[in-house]
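Here's the structure, in structure tokens; my notes come after.
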Amino acid sequence: MKIATWNVNSINVRIPQLVEWLLAAGPDVVCVQETKTIDENFPEIVLAEAGYQAAFTGQKSYNGVAILSKFPIEDVQLGFPGDDDEAQKRMIGATVNGIRIVNTYVPNGSELGSDKFKFKLDWLHRLRSYFDETCDPNGDVLLCGDFNVGMEAEDVWNPAGYEGKLHFSKPERAAMHYVKQFGLTDVFRDLNGNVSEFSWWDYRAGAWQKNHGLRIDYIWVTPTLAEKAKSCVIDKSPRYLDLPSDHAPVIAEFTI
DNA sequence: ATGGTAGATACTCTA
């Protein structure tokens with residue numbers, strides 16, 4: 001079973017690339033972030049024609065997450081329990097083939113010390129609470145998405161320059177580590193050692209051409225699922241296309 | 001060098 005995560009930066013702009021990638025890569029499940037559309041405009045029919053059913057929760061202009069799957073999508077959770085209609089649409093959970101999947105678009109944080117930065121840290125604590133309240137660390141649980149945090153030096157093209165900066169600051173890494181301490185392990189890092197590969201390159205300043213990237217898109221799993229992990233790769237191929245997303249998909253394969 | 005580009009919306013905000 002192949003499970004992928006991809007921040008597409010507008011699903012309606014990216015739908016041709018997304019469908020082409022689904023047919024080429026053949027993932028069983030894809031967790032999508034930054035759909036940037038209301039549910040009425042989600043391209044559900046096009047995806048169904050490509051063989052994927054979808055669960056999604058979006059809003060106008062910003063955020064929005066979805067789970068696409070070849071298999072039935074069960075027990076869907078849209079946002080955190082208790083979220084009202086105004087809450088930012090950044091989390092969707094569902095069960096596929098017995099695996100509990102939580103797909104997140106972690107807040108960017110804007111700049112250290114800002115209200116948005118505090119929102120990011122608070123949001124990550126809510127995410128950990130959600131795991132504590134609803135997930136079993138001894139079961140097959142998968143957390144993935146755009147975490148907007150690089151966890152280790154190898155995840156950042158210029159770790160010295162990023163020290164104390166957004167995406168790599170101590171409070172962000174600590175908050176994300178707290179989520180990980182639920183009992184999750186980074187599939188990419190476990191299987192590939194301390195390589196330095198990235199999943200996101202800023203559109204600006206020629207970051208892609210210079211490989212000035214960050215690995216901020218992750219697939220984290222509980223130990224029972226980690227034992228079944230065969231491979232985890234970052235597929236850079238869509239990043240070479242014209243009008244790409246700024247993120248590349250990450251895909252993990254499990255013997256399940 | 002505090003820029004650069006992309007997307008959605010409506011002439012700016014977010015990333």
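Everything numeric in this text was worked out from a predicted model, so none of it was measured. Values below: all heavy atoms of this structure, side chains included; hydrogens, waters and symmetry mates excluded. Throughout, protein chains are lettered first and strands after them, A, B, ... in sequence-line order, and every chain is numbered starting at 1.
- In terms of position along DNA chain B, the nucleotide closest to A:D202 lies nearer the 5' end than the nucleotide closest to the other residue of the pair A:Q88 and A:D202.
- Both A:K210 and A:K36 sit near DNA chain B, but only A:K210 has its closest nucleotide nearer the 5' end.
- In this structure, A:Y203 places its OH atom 13 Å from P of B:dT5, rounding to the nearest Å.
- Taking only side-chain nitrogens and oxygens, A:R14 never comes nearer than 4.0 Å to OP1 or OP2 of B:dA6.
- Of the side-chain N and O atoms in A:R204, none sit less than 4.0 angstrom from OP1 or OP2 of B:dT2.
- Under the 6.0 Å distance and 45° angle rule, A:R128 counts as a cation-pi partner of A:Y178.
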- Message: Walk me through whether A:V13 and A:L243 qualify under side-chain contact (heavy atoms from CB on, under 4.5 Å).
- Response: CA-CA 9 Å; A:V13 167; A:L243 289 176; 5.8 Å; no
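- Side chains of A:D217 and A:S199: a donor-acceptor N/O pair is present below 3.5 angstrom, by distance only.
- Using P as the reference atom, B:dT14 and B:dA10 are 14 Å apart when rounded to the nearest Å.
- Rounded to an integer number of Å, the gap from CG of A:N63 to C1' of B:dT14 is 9 Å.
- Straight-line distance from the CZ atom of A:F119 to the P atom of B:dT14: 12 Å, rounded to whole Å.
- Rounded to a whole Å, the CG atom of A:D242 is 15 Å from the C1' atom of B:dT5.
- A close approach under 4.0 Å does not occur between any side-chain nitrogen or oxygen of A:K60 and OP1 or OP2 of B:dT9.
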